[in-house]
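Residue numbering restarts at 1 for every chain, and letters A, B, ... go by the order of the sequence lines.
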Amino acid sequence: MTPPGQMLNPRPFPKDAAMNLFTDIRSLVLDALTAMQAAGALPTEGIGFDNVTVEPPRDAAHGDMATNAAMVLAKPAKMKPRDIAEALVAHLLEDDRITEAEVAGPGFVNLRLAPSVYQALVGTVLAAGPDYGKSAVGQGKTANVEYVSANPTGPLHVGHCRGAVFGDALAGLMAYAGYDVTREYWVNDGGAQVDVLARSAYERYREANGQAPKIEAGLYPGDYLIPVGEALKERFGDSLMDKPESEWLVQIREIATTMMMEEIRSDLALLGVKMDVFTSEKSYYDSGKIEKTLEELKGLGLLYNGTLPPPKGKAPDEDWEPREQLLFKSTDYGDDVDRPVQKSDGGWTYFAPDLAYHYDKVKRGFDVIIDVFGADHGGYVKRMKAIVAALADEKVVFDIKLTQLVKLFKNGEPFKMSKRAGTFITLRDVIEQVGPDVTRFVMLTRRNDAPLDFDFDKVLEQSRENPVFYVQYASARVASVMRKATEAGLDMSDAALAKADLGRLDHEAELKVIAKLAEWPRLVEIAARTHEPHRIAFYLNELAADFHGLWNRGNEVPSLRFVQEGDEATSQAKMALARAVSVVISAGLGILGVEPAQEM
RNA sequence: GCACCCAUAGCUCAGCUGGAUAGAGUGUCGCCCUCCGAAGGCGAAGGUCGUAGGUUCGAAUCCUACUGGGUGCGCCA
């Protein structure tokens, strides 16, 4: 038997694409096109191959892969698509890896690959392990993903949860695609809301000292500040009682925000989220960074004094009056209005630190900067993009991802959140009820910009409908069959599987699963390019479906069962495939921050 | 009033830098355990991709207008 590595045509694959079958075949197509040019069958002038793609066909009946080369090149080459396609087919058929090539439809070239190509891929997956599918697209580049960034005025709730999961999975995805990723949290500890926090905490402090707290409207009423009040009592005794705000505000604000951030960090830890950098808004105020930034912007001519038109369509009777303010020229960079940076009392608007912060991120030299906001902050996208457009050169990729709302359900019934009624669902509540793995996976079973229904009962259901379970079940089955094979006395060690005779994987049901594995590196690239980690979750569901399908075929076709009693060589080949499936599932779940299951 | 997001099978949703006869799950109907985990699988039926135009070899995908739903709109972050 030929070892798997030598079953291929000896022509080497390009190094940077050695694991992606689609780019391998694409380069094969490009080689063929180049050969056609050399032979005079295709013009050289004005012909570029950038738009040539090799993709899985929508319908498997069309083959394993399809290329649009003939259609894309027809116009610049001034040739008929079919003529190019037919010449291309002739060239491609010379390669051992291509068993069939035919022209179809308007000029597609459909390809069928030799089984040996797929069989060898199993070996590639096992050899690469968790690295199979890692991409070079982000190699040598840096990315900054800012997410959560909840105000430090209370514990995280379910809305933050989705942003946290999405942002973290996106960061994991970018890392898998080769980027050096910084996970960052912007701490809004510098504005009026932390003064409100301090006042609210002060009331709890009074409460701890035996006084009835006066939680007026506008203060934070949550019980979570009671421990803060107690901590303040421990620290200050009754020395701050009945003192004017000026004597305690700064101190209490500092202590309260620190305690809230500790709580937020521990909430995030429950979810498995660990930030690399927490950037403090307050530090921007304290260090003069805002003034410095604004000075620079003035130098660039991006700030001016002016008056904004009144907002339209709001309540007609409001106390709006024209006022001259210091404005940022964001309309020059795609925003709808220029944004004020200074309030009438001379203080900075919230926009000023945003401006300085994003300028800072740009200056730190990231190749990719991504902000993850809740959908209720959709109105800020244009102004943020204006900042980066004004301050960064065009090489910086800046993207803002919005996460839509999460609607909670319990047994199919909508679950209304209300702070007053005490049915306020925190992130901690969710994790404690369903666990971090389920929470994370479910949060990624929708596109980020689609609303998500989260049913506390359904997410724990063990059925086909529940993708968390379904994917976990697949990896559990692999683990289970591995145990069984080992108990049967078969050698299922990594070393044995690495040497397995993969040529025995010749059934179309097996090749179909391998073809799905072949899509993995390509999918990772697409997901990373579009900043859409949900694609990973959907892919895993598809891979699991193909695997379960193969598994069940074994019910009718005994030769498809993974364990072939008394035939170690065949068992090893089949188990190599099962292992390859579990390797990719583990890698995918790893990106999403979910643990694969060994048993259920 | 303006801006952004969304509209795909009865329901919940995928759909790649624009590709061929638009896919899953669920629900309905019919099958498959002496058999590696049936917590599963196979098959059938189900669509004017919100509407109307445009761009082109080709549009669910890009552009324009409209309809319907969500979010937001100076001195709050």
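Counting only heavy atoms from C-beta on, A:Ser463 has its side chain closest to B:G40 among B:G40, B:C76, B:G37. When distances are taken from the side chain of A:Met71 to each of B:U12, B:G41, B:C57, the shortest belongs to B:C57. Taking the side chain of A:Phe108 as heavy atoms from C-beta on, and the options B:C13, B:G74, B:G19, the nearest nucleotide is B:G19. Checked against B:G19, B:A38, B:C13, the side chain of A:Pro106 finds its nearest nucleotide in B:G19. The listed nucleotides are B:A7, B:G40, B:C16; the one nearest the side chain of A:Arg447 is B:A7. Nearest nucleotide to the A:Tyr473 side chain, out of B:G40, B:C16, B:A20: B:G40. Out of B:A14, B:C75, B:C6, the shortest distance to the side chain of A:Gln325 is found at B:C75. Comparing B:G25, B:G40, B:C36 by their nearest atom to the side chain of A:Arg477 picks out B:G40. In this structure, of B:C5, B:C75, B:U56, it is B:C5 that holds the atom nearest to the side chain of A:Asp449.
No donor-acceptor contact under 3.5 Å links the side chain of A:Asn555 to the base of B:G41. Counting atom types as modelled, A:Arg522 pairs a side-chain N or O with a base atom of B:C16 as donor and acceptor under 3.5 Å. Remark: the A:Asn110 side chain and the B:A20 base include a donor-acceptor N/O pair separated by less than 3.5 Å.
Nucleotides B:C49 and B:U8, compared at atom C1', are 4 Å apart to the nearest Å. B:G18 sits 6 Å from B:U61 when the C1' atoms are compared, rounded to a whole Å. Going from the P atom of B:G43 to that of B:C36 covers 22 Å, rounded to whole Å. Distance check on atom P: B:G68 versus B:C76 gives 36 Å, rounded to whole Å. Distance noted for atom C1' between B:A38 and B:C31: 14 Å (whole Å). Comparing the same atom, C1', in B:A24 and in B:C42 gives a spacing of 15 Å after rounding to whole Å. Comparing the same atom, P, in B:G69 and in B:C57 gives a spacing of 39 Å after rounding to whole Å. With C1' as the reference atom, B:U12 and B:C6 are 15 Å apart, rounded to whole Å.
Across all strands shown, B:G10 forms a Watson-Crick or G-U wobble pair, both distances under 3.5 Å, with B:U26. In this entry B:C75 has no Watson-Crick or G-U wobble partner, no candidate having both defining distances under 3.5 Å. The partner of B:A60, taking Watson-Crick or G-U wobble pairs whose two distances both stay under 3.5 Å, does not exist in any strand shown. The base-pairing partner of B:A65, taking Watson-Crick or G-U wobble contacts with both distances under 3.5 Å, is B:U51.
Residue A:Pro340 is in sugar-phosphate contact alone, with no base atom involved, counting any heavy-atom pair closer than 4.0 Å across all strands shown. Residue contacts for A:Val563: at a heavy-atom cut-off of 4.0 Å it reaches a base atom on one of the strands shown. Residue A:Glu281 is in sugar-phosphate contact alone, with no base atom involved, counting any heavy-atom pair closer than 4.0 Å across all strands shown. A:Ala450 comes within contact range of the sugar-phosphate backbone alone, with a heavy-atom separation under 4.0 Å but no base atom that close. Within the 4.0 angstrom heavy-atom criterion, base atoms lie near A:Ala104. As judged by a 4.0 angstrom heavy-atom cut-off over every strand, A:His534 is placed among residues touching the sugar-phosphate backbone only. Looking at heavy-atom distances under 4.0 Å, A:Thr530 makes contact with sugar-phosphate atoms alone, never a base. Using a 4.0 Å heavy-atom criterion, one finds that A:Phe469 contacts the bases of the nucleic acid, with or without backbone contacts as well. Using a 4.0 Å heavy-atom criterion, one finds that A:Arg535 contacts the sugar-phosphate atoms exclusively.
Residues A:Lys382 and A:Arg483 each lie close to RNA chain B; by heavy-atom proximity, the contact nearer the 5' end of the strand is made by A:Lys382. Remark on RNA chain B: of its neighbouring residues A:His62 and A:Ile526, the 5'-side contact belongs to A:Ile526, judged by nearest-heavy-atom nucleotide.
No side-chain donor-acceptor contact under 3.5 Å links A:Arg253 to the backbone of A:Asp195. Panel note: side chain A:Tyr473, backbone A:Arg464; no donor-acceptor pair is recorded below 3.5 Å. Judged purely by atom type and a 3.5 angstrom limit, A:His160 uses its side chain to pair as donor or acceptor with the backbone of A:His157.
Straight-line distance from the CD atom of A:Glu568 to the C1' atom of B:C36: 16 Å, rounded to whole Å.
We find that A:Lys458 and A:Glu465 are not joined by a salt bridge, their nearest charged nitrogen and carboxylate oxygen being 4.0 Å or further apart. Taking 4.0 Å as the cut-off between side-chain N and carboxylate O, A:Arg504 and A:Glu510 do not count as a salt-bridged pair.
Remark: aromatic rings of A:Tyr333 and A:Phe328 are distant, center separation not under 6.0 Å.
Phosphate contact (OP1/OP2 of B:G37, side-chain N/O of A:Ser480, threshold under 4.0 Å): present. Of the side-chain N and O atoms in A:Lys458, none sit less than 4.0 angstrom from OP1 or OP2 of B:U26.
Taking the ring axis of A:Phe351 as reference, the NZ or CZ atom of A:Arg339 does not stay both within 45° of it and closer than 6.0 Å to the ring centre. A cation-pi arrangement is present between A:Lys289 and A:Tyr284 under the rule of less than 6.0 angstrom and at most 45 degrees off the ring axis.
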